[in-house]
Amino acid sequence: MAAIKQLNPKAEVARAAQALDLNISAAMGLQDVLRTNLGPKGTMKMLVGGAGDIKITKDGNVLLHEMQIQHPTASLIARVATAQDDITGDGTTSNVLIIGELLKQANVYISDGLHPRVAAEGFDLAKKKALKVLDAMSVKKCERDDLINVARTSLRTKVKNTVADLLTEIIVDAVLAIKKEGEPLDLHMVEIMSMEHKTEMDTKLIKGLVMDHGARHPDMPKKVTDAFILTCNVSLEYEKSEVNSGFFYKSADEREKLVKAERAFCDDKVQQIIDLKRELVGDSDKGFVVVNQKGVDPNSLDALAREGIVALRRAKRRNMERIVLACGGTAVNCFDELKPEQLGHAGLFYEHVLGDDKFSFIEECDNPQSVTILIKGPNKHTITQIKDAVRDGLRAVKNAIEDQMVVPGAGAFEIAIYQALQEYKNEVRGKQRLGVQAYADAMLIIPKCLAQNGGHDAQECLVKMLQEYKGVDKCVGLDLETGEAMYPAEAGIWDNYCVKKQLLNSATVISSNLLIVDEVMRAGMSSLKG
């Protein structure tokens, strides 16, 4: 009887082989759910929520976040895989597949009497060799064409090819627009805005900003060209004092004077804006736009509208930072020393009304360092799917720029590791070589799944690739259209270096840990109740 049973009679215990079977069955169960999603030819999954809301996706990260997983081991693997996405932005499905396959291949030898600790040590040796192969395979590339290939490879696994090819150019141009030499990339400077109309093929890159609100006065111009942009965080509305106070007056005239004095405080600020506009614009056709983070009251809006000034109030704080980066100028917190140098400039400002929603577009900026990806689609499913794909694409391009190197895709990386480990195991002494062999066999799950999802015979495709393999300098991948071996470097199929590196590390660590679990106990504090 397990010792824990003496301490807690209600404890549930799985020991030795039973504990290992529990972990392996969970890993393989999760693997079976995700294996059909892998690659550009992967299938979709439809998730139905408790309230009947539907999500259609093939993104492993979205699936693992949205699915309710009750098995403790499966939940642990799902958390590891989603952590991979949080760190690198991709590789979630591959992580789950490799963890499941590592446990499955190790179990073949463990069931024949190999100790799990020895298998785990073999995994560790194989991982070190695999990381050396990864470094030998990686190619230094970071030109625009290379970034386009990396983004296309990532996006085609998330959305259909026509949409992926459209998004590829958009994403690469967006990242290059915000890139500053010698500074880390801040992807928050790429705003992702969605409009539910037209089709997904109308998604476009705005070299400027799109805000989800419009001017608050019917007489304000709906479109201005060659516009000055004033970004401010100044209250243009009458505010009550913070302490309880009262005014005492003897006559109606005195009351009027008090009201005017109160109003004058706000009107003076508005007049400063109007004076600056008259000074800069004069009688020309140039526009003047005020974007304020705080409120603008109706009287102030009236005064600004009479002068042909467009005023937007209560703008989001993050947009204030983006407007300055897109249009230039500086955000002001008071109007005491308002100068023309503090204004930004945009070639076009216009308002777009869609049903009850208003969108303000600031376009044709001279040198925008903040841009907007405007996602369009006929329904919420499409928009959500494209949003998830765009986030992954942005991360893929960012990774390629930061790594300054890429790795051949299409299963070439896994084939290269398999071949390298076949040679390396002859150098390993003792039973650890069985762990190395299991690791090598497990790596083949990626090309196998790619072939199966493409409608080809997995074994036949594997044999063709292994026959064509000539070494890490000429890596061989799988052509999903024909099922033949091909060279990914020539086809422009590239994966991120950091994604593969993280994948090898996290999959090896978690599968080794699960292998050497010899007792699973449900004996937490909650099981003592009742």
Side-chain angles (χ1 to χ4, degrees), residues 189 191 206-239 264-352 358-372:
M189 288 304 107
E191 168 80 321
I206 306 290
K207 293 271 181 96
L209 205 68
V210 181
M211 291 178 283
D212 53 359
H213 50 88
R216 291 287 177 227
H217 195 285
D219 297 339
M220 284 179 177
K222 298 286 181 265
K223 180 179 179 180
V224 292
T225 53
D226 198 9
F228 292 100
I229 312 284
L230 172 61
T231 315
C232 55
N233 182 19
V234 179
S235 176
L236 293 176
E237 56 189 344
Y238 163 68
E239 291 183 22
F265 176 69
C266 197
D267 289 344
D268 287 348
K269 292 189 229 175
V270 176
Q271 193 57 45
Q272 284 173 307
I273 297 173
I274 292 170
D275 291 343
L276 182 66
K277 188 254 182 183
R278 285 175 180 165
E279 178 193 332
L280 291 171
V281 176
D283 298 326
S284 67
D285 293 333
K286 291 183 176 182
F288 199 96
V289 180
V290 178
V291 183
N292 192 8
Q293 194 178 331
K294 289 189 176 161
V296 184
D297 65 12
N299 291 2
S300 303
L301 285 170
D302 262 345
L304 294 169
R306 281 196 296 274
E307 290 292 326
I309 296 172
V310 183
L312 280 76
R313 64 184 180 189
R314 307 210 189 284
K316 294 187 180 87
R317 185 163 171 263
R318 60 179 187 182
N319 281 341
M320 304 302 283
E321 189 180 346
R322 287 185 180 131
I323 290 170
V324 171
L325 284 168
C327 308
T330 52
V332 295
N333 289 317
C334 69
F335 293 151
D336 293 344
E337 295 179 6
L338 206 52
K339 301 188 187 83
E341 302 87 72
Q342 294 170 320
L343 302 184
H345 178 269
L348 177 65
F349 174 93
Y350 64 96
E351 201 175 279
H352 181 98
K358 283 184 180 180
F359 294 88
S360 299
F361 288 71
I362 300 174
E363 289 190 43
E364 296 176 19
C365 304
D366 299 330
N367 181 26
Q369 291 178 327
S370 177
V371 292
T372 304

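Numbering of residues begins at 1 and proceeds along the displayed sequence. Side chains included, hydrogens not; waters and symmetry mates left out as well; all remaining heavy atoms used.
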To the nearest 0.5 Å, what is the distance between [atom1] ([X]) and [atom2] ([Y])?
{"X": "Leu312", "Y": "Ile362", "atom1": "CG", "atom2": "CD1", "value": "7.5 Å"}
{"X": "Leu304", "Y": "Arg306", "atom1": "CG", "atom2": "CZ", "value": "9.0 Å"}
{"X": "Cys365", "Y": "Leu209", "atom1": "SG", "atom2": "CG", "value": "8.0 Å"}
{"X": "Thr225", "Y": "Phe349", "atom1": "OG1", "atom2": "CZ", "value": "12.5 Å"}

Any idea which heavy atoms bring [X] and [Y] closest together, and the distance?
{"X": "Ala346", "Y": "Glu363", "answer": "CB-O, 3.6 Å"}
{"X": "Ala227", "Y": "Val289", "answer": "CB-CG2, 4.2 Å"}
{"X": "Met211", "Y": "Ile323", "answer": "SD-CD1, 4.0 Å"}
{"X": "Met220", "Y": "Ala311", "answer": "SD-N, 3.3 Å"}
{"X": "Val291", "Y": "Met320", "answer": "O-CE, 3.7 Å"}
{"X": "Lys294", "Y": "Asn233", "answer": "CG-OD1, 3.3 Å"}

His345 side chain near Asp366 side chain, heavy-atom distance below 4.5 Å |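 Answer yes - side chains close enough.
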
If we only count heavy atoms from C-beta on, is the Leu343 to Leu280 side-chain gap below 4.5 Å?
->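 Counting from C-beta outward, Leu343 and Leu280 do come under 4.5 Å.
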
Using only heavy-atom distances, determine whether the side chains of Gln272 and Asp268 contain a donor-acceptor pair under 3.5 Å.
->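 Distance-only check fails for Gln272 and Asp268.
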
Applying side-chain contact (heavy atoms from CB on, under 4.5 Å), run through Leu301 and Arg313 and close with a yes or a no.
-> CA-CA 10 Å; Leu301 285 170; Arg313 64 184 180 189; 3.9 Å; yes

How are the rings of Phe228 and Phe288 set relative to one another: parallel (under 30°), tilted (30 to 60°) or perpendicular (over 60°)?
->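 Aromatic pair Phe228/Phe288 classed tilted.
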
Are the side chain of Thr372 and the backbone N or O of Gly208 linked by a donor-acceptor pair below 3.5 Å?
->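 Side chain of Thr372 to backbone of Gly208: a pair is present.
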
Taking Arg322 for the side chain and Ser370 for the main chain, is one N or O donor matched with an acceptor at less than 3.5 Å?
->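 No.
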
If you look only at pairs with a residue in residues 339-349, which of them pass as a salt bridge (charged side-chain N to carboxylate O under 4.0 Å, His left out), with sequence neighbours excluded?
->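 Every pair satisfying salt bridge (charged side-chain N to carboxylate O under 4.0 Å, His left out) with a residue in residues 339-349: Glu337-Lys339.
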
For [X], does the [atom1] atom have more than 12 heavy-atom neighbours from other residues, nucleotides or ligands under 6.0 Å away?
{"X": "Glu321", "atom1": "CD", "value": "no"}
{"X": "Lys277", "atom1": "NZ", "value": "yes"}
{"X": "Lys316", "atom1": "NZ", "value": "yes"}

Are Met189 and Gln369 close enough, and set up right, to give a side-chain contact (heavy atoms from CB on, under 4.5 Å), and what steps lead you there?
-> CA-CA 8 Å; Met189 288 304 107; Gln369 291 178 327; over 6 Å; no

